[in-house]
Structures are given as C-alpha cells and as structure tokens.
Amino acid sequence: MVELGLNVPALISYLINYVVLLILLGALAYRPLLNALDSRVDSIRESLAAADRAREEAASSRSAIEEELNEARREGQRLLDQAREAAERFREEEMERARQSAEEFSERARADIARERDAAVDEVRAAFGDLAISAAERIIRRSVDRQAHQELIDQVLAEGEQALRRN
Amino acid sequence: MTTKRILLLLGIVSAVLLIVGFVVGAVGSRMFGLERPFVSQPGIHLPPDPVFPASVRESVVGYRVADKKTDDHGEKAADHGSSEGKESAEEEHHGLGLMQFAVTNTMLSAWLTSIIMLVFFIGGARNPKVIPSRLQALVEMLFELVLNFASSILGPEMGRRAFPVVATIFFFVLFNAWLAIFLIPIYQAVGYGAHVGGEFKLATHLVRPAGTDLNFPLALALVSFVFVEYWGFRAHGFGYLKKFFAFGDILRGRPSGLINVFVGILELVSELVRIVSFTFRLFGNMTAGEILVVMITFLVPFIATQFVFGLELLVGLIQSVIFAGLTLVFLSVAVSHEEH
C-alpha cells in the first residue's frame, strides 16, 4: 500500500480538509442558499395563494355587486308598483267620490222632483176640491137624470185630468 | 462566411498539428528515424510527490541529475529500464513513508480546489436574493441538482439531511478533477526540475489532481463510511448491529439461523469492502486519466490530447456522480426499515 502512496498524515490532512470544507460550505453556502430556496418556494406558494384569493375575492365582489344591482332593480320595481298602485287607488277613490256626488246630486234632484210632484198633487187636490164644489153647484142648479149625472162627473174628471196635465 | 473561414483555418491547423505531432511523437520519431521524440518518455509514479518542505522533496524525488550521474546513474538507468542516452535525467520517486509528513502536490491541489470551491459557492450563496444574480442562479442550480438527486434516492426529508455531506463529496471530487483540466498549464508545466544537458526537465509537478493520490479517495471513502454507519445507528439504534451479527435465531435454537449468521458476516464484509472499492474506483479512474494524458502527449503531442481532456471531463463527472450516488444508496440501505 505504501507503494501506492498510502500515507497517514496525508490521509488525516485530507480528512481535515474535507471537514473544514464541509463546515465552511455548510455554514456559509448550503444553509443560506437552501433557506433562500425554501423561502422562495414559500413566497411563490404564498403569492399563488394570494392570487387565488384575489381571484376569489374579485368573483365574490362581482357577485355581490350583481346582487346589489338586482336588489336595486327589485327596489325600483317595487317603488314603481307602489306608485302604480297608489295611482290606481287614487283613481278609484276619485271615481268613487264622483259617483257619490253624482248620486247625491241625482238623489237631491229626485227629492226635489218628488217634492214638486207632491206640491203639484196638493195643488191638484185643491183644484179638484174646487171643481167638485163647482160640479156640485152645477148638479144642484140643474137636476139631471142618472145618465146626465154620470156625464157630468166624467166631464169634471176629464177637466181635472186636463188641469193635472197642464201642471 | 468569416466564421466558416476561421473554422476551416482552425481545422487545417489542427490537422497539421496532428500530423506534425504524430511525426515528432514517440511512434513517428521511431518510424521516421528521428533522433528522439519531442516529448521524453514520462515517468509514471503512483505516490504523490512531496513539495514542501524542500528537504523532504529533495530526499524523496531524485532529480539532482548531476549527483546521480556521478553517484549511481547507471544503477538508476537500469532500474527504470530507460533506453535513452547518458544525458537523460533519471527521475526517482521513492514516495513518502507511511508516517512521514510532507505537503504533497496532490494536497496542494486539494487546497486549491477547496479555495476555489469556497470562493465560488460562498460567493454565490452570500446575501441570497429572491431574484438571483447569475452566480447565485448557477450555484442554486448545482445545489438543486444534487438535492434532487439525494431526494430521489432518500426522499425529501432524509435527502435534505444528507445533502451537505454528499454535496461536499460530489463537488470536491468534481472540482478537483475538472480543475486539473481547466488549469492544464499550472498542473502540467509548473513544478520542480533540474537542468539535464542544458535542458530543463520537470521532475515534480507543483500540483497534481488529488484523485490520483490514494489518500484522497480513501479519506472520502472513510467519510462516506462513517456517515452511512452513523445514520444506520441513528435510524435503528444498536439494533443496526443485528444486521451484521444475526445470532438471534441460533440462540433461540433454530438451526436455520446459521444462514442468517453467514449472511450477517457477508453484510459486514461487504460494508467494509465498500471503503476499498470506493477508494480504488476513484483512485484508479483519476490515475488512469492522468496516465492517459501523459502517454498521449508522449505518443502524439499537441492536439491529440484534446480528445483525452474531453474524455477526462466526462470521467470526472461520472466519478463524482458515482461517489455521491453510491453514498446515497448505501445510506438509503442503512436507514431503511426492511428486515434483512
């Protein structure tokens, strides 16, 4: 083995060389750089997650906006319906009022007519009384038979009727 | 058009260099009757050369040609079986003794690799930002590559725990192998030598890839072994030893327990043999690569070596992946809760 170059001090020197190299590289190269690689992996993972989150947020906010828009649309529709209903109600009320006033008016007119008619009837009745008196006067003045008597009454009635019609 | 022309020119230059290299190389010089090859025959020696202190270097690496010539040149020439003339320098590499300490050129290479790794990785990992700089992105990519590799074998949690040890092994082996290719001028041409007959000859390189030093892969194999056994004990407690010393059935009086005992011994042996296989796999591949480079340079200098360098890049990557991958696999076996 010595012919091949086996030499204990050289072996020890290489071992020390290796260990020193391992310690220096481990502390100053491997650890910092592998940590940097890890943190880069983490940061990439985080930023991907953040991008996902942002995308989700954008989607959710869009749906929220759409929801609000729909809400507003529904609200507008509701207001419109309300207004329409109010207008309808108002129209109906107005119509009711008009109908009522028309009825009142016609009622009043009818009452007036009835009163006028009653007055006319009273007047006629009074006129009939006069007529009856004059008819009686005439009957008494002239004695007439039964037929003449009937004719006379008819005549008076016809006159009364004419007088009623005139009024 | 211009690019095409440049490429064509490069191709022609490469072809000419290849031909010239072949002619002046070891094979061509013999074929065409040249005096001696452009590159002298390389001396292959497996043990690393000590560089510091100089006294050890001079005692171990015999490049003082003048002394040798006067003292025992003939003997050395005979030893190495050199067919060259008297003027040639005979390198002699005794190698260090088992307990002898010296800073070797492979150690220097490991230190250089360590410094470059520290500068590169700490530079990339200092003040990490969410949007990374180019260096940080590069380092991150490398780390993630190893981390994903570890996680694919051990699962995310255990992979993260094993990452520092395995990544350090992986990058140490890889950077060390590739540095020798990217810094060829330093690795191949800088060193100590001597003037031989008015010509400077390199005897010892200042830096040599640490993979070609048996101690480097052995150290990494020991690290891997200790790491795996540590996690084995941590995952199973002392029950981990039952895997190797399976006397349970035998003590309960079941004769079939003999098989378990035998399997346990096999497990133990294979566990220990891993150190050897780890060591020699890396050592063999790296050393073979270096030998291939010098041999190709000797046989066909200049351009042919480029292909070997390309191959060596691949070998360096494969060896580092294998070293790290096997550590991970052994670790996953050690921490798995299957009954053996």
Side-chain angles (χ1 to χ4, degrees), chain A residues 1-70, chain B residues 45-50 95-104 106-107 110-111 113-115 117-118 120-132 136 139-140 143-144 147 160 163-165 167-169 171-172 210 212-220 222-223 226 279-280 283 287:
Chain A
M1 289 295 273
V2 177
E3 286 77 20
L4 287 174
L6 187 66
N7 180 262
V8 174
L11 181 64
I12 293 166
S13 118
Y14 285 126
L15 283 173
I16 293 169
N17 191 333
Y18 175 85
V19 171
V20 168
L21 200 58
L22 177 64
I23 290 168
L24 286 178
L25 284 181
L28 298 174
Y30 298 151
R31 192 178 307 155
L33 205 60
L34 290 185
N35 287 344
L37 286 177
D38 284 352
S39 64
R40 186 182 303 158
V41 167
D42 287 347
S43 75
I44 287 172
R45 193 173 292 139
E46 266 170 30
S47 49
L48 281 179
D52 276 350
R53 264 202 309 279
R55 203 176 303 132
E56 275 168 20
E57 270 169 24
S60 73
S61 71
R62 196 174 56 206
S63 69
I65 286 168
E66 270 174 13
E67 186 58 37
E68 269 173 31
L69 218 63
N70 285 339
Chain B
H45 42 275
L46 294 179
D49 292 329
L96 287 167
L98 185 64
M99 302 303 290
Q100 193 179 7
F101 177 75
V103 176
T104 61
T106 48
M107 254 185 233
W111 296 349
T113 309
S114 305
I115 289 165
M117 277 173 75
L118 287 173
F120 177 66
F121 286 131
I122 294 174
R126 199 186 49 196
N127 303 327
K129 295 185 181 63
V130 178
I131 299 163
Q136 190 190 331
V139 174
E140 271 176 14
F143 282 7
E144 286 208 313
L147 188 60
R160 186 67 178 263
F163 173 78
V165 169
T168 308
I169 290 178
F171 290 123
F172 206 5
T212 64
D213 180 354
L214 186 70
N215 302 298
F216 175 73
L218 182 58
L220 293 185
L222 287 175
V223 167
V226 170
T279 307
F280 282 96
F283 173 65
T287 310

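All of these numbers come straight from a predicted model, not from anything done at the bench. Numbers restart at 1 for each chain; the letters A, B, ... are given by sequence-line order, proteins then strands. Quick note: numbers below take in every heavy atom, side chains included, and nothing from hydrogens, waters or symmetry partners.
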Does the side chain of A:Arg31 reach to within under 4.5 Å of the side chain of B:Pro164, using non-hydrogen atoms? no
B:Lys129 side chain reached by A:Arg40 side chain, heavy atoms, under 4.5 Å: no
Heavy atoms only: give me the nearest B:Ala125-A:Leu28 pair and the separation to one decimal. CB-O, 3.7 Å
Would you call the rings of B:Phe121 and A:Tyr30 parallel, tilted or perpendicular if under 30° counts as parallel and over 60° as perpendicular? tilted
A:Leu4: which of B:Leu214, B:Leu218, B:Thr279 passes side chain to side chain contact (heavy atoms under 4.5 Å, CB included): B:Leu214
Just wondering, do B:Phe216 and A:Asn17 contact through their side chains at under 4.5 Å, heavy atoms? no
Does B:Asn215 use its side chain to pair, donor to acceptor, with the backbone of A:Asn7 at less than 3.5 Å? yes
Heavy-atom distance under 4.5 Å to chain B: side chain of A:Ile44, backbone, both or neither? neither
Under 4.5 Å heavy-atom distance to chain A, tell me which part of B:Ala167 shows up: side chain, backbone, both or neither. both
Does CG in A:Leu48 sit with more than 12 non-hydrogen atoms of other residues, nucleotides or ligands closer than 6.0 Å? yes
Answer yes or no: is there a side-chain heavy-atom contact under 4.5 Å between B:Arg160 and A:Asp38? yes
For chain B, which of A:Ser43, A:Pro32, A:Ala36 has the most heavy-atom pairs under 4.5 Å? A:Pro32
Proximal component of B:Thr106, with respect to chain A [non-hydrogen, under 4.5 Å]: both
Against chain B, work out which of A:Leu37, A:Leu21, A:Leu24, A:Leu25 has the most heavy-atom pairs shorter than 4.5 Å and name it. A:Leu21
Heavy-atom check, side chain of A:Val8 versus side chain of B:Gln100, under 4.5 Å: no
Which one, B:Val103, B:Leu220, B:Leu147, B:Asp213, leads in non-hydrogen pairs under 4.5 Å with chain A? B:Asp213
With respect to chain A, which residue among B:Gly123, B:Ala110, B:Gly124 yields the maximal number of heavy-atom pairs within a distance under 4.5 Å? B:Ala110
Give the minimum heavy-atom separation between B:Thr104 and A:Tyr14, together with the two atoms involved. OG1-OH, 4.3 Å
Max heavy-atom pair count under 4.5 Å with chain A, selected residue of B:Phe101, B:Trp111, B:Phe171, B:Phe143: B:Phe143
Need one label for B:Phe280: side chain, backbone, both or neither, based on atoms under 4.5 Å from any heavy atom in chain A. side chain
Structural part of A:Leu22 lying under 4.5 Å from a heavy atom of chain B: both
For chain B, which candidate among A:Ile12, A:Val19, A:Leu11, A:Val20 shows the most heavy-atom pairs at distances under 4.5 Å? A:Leu11
Contact part of B:Ile169 toward chain A, heavy-atom cut-off under 4.5 Å: side chain, backbone, both or neither? both
If you tally heavy-atom pairs under 4.5 Å between each of B:Leu118, B:Thr168, B:Leu46 and chain A, the highest tally belongs to B:Thr168
Please examine the side chains of A:Tyr18 and B:Val165, heavy atoms only from C-beta on, and report whether any two atoms are closer than 4.5 Å. yes
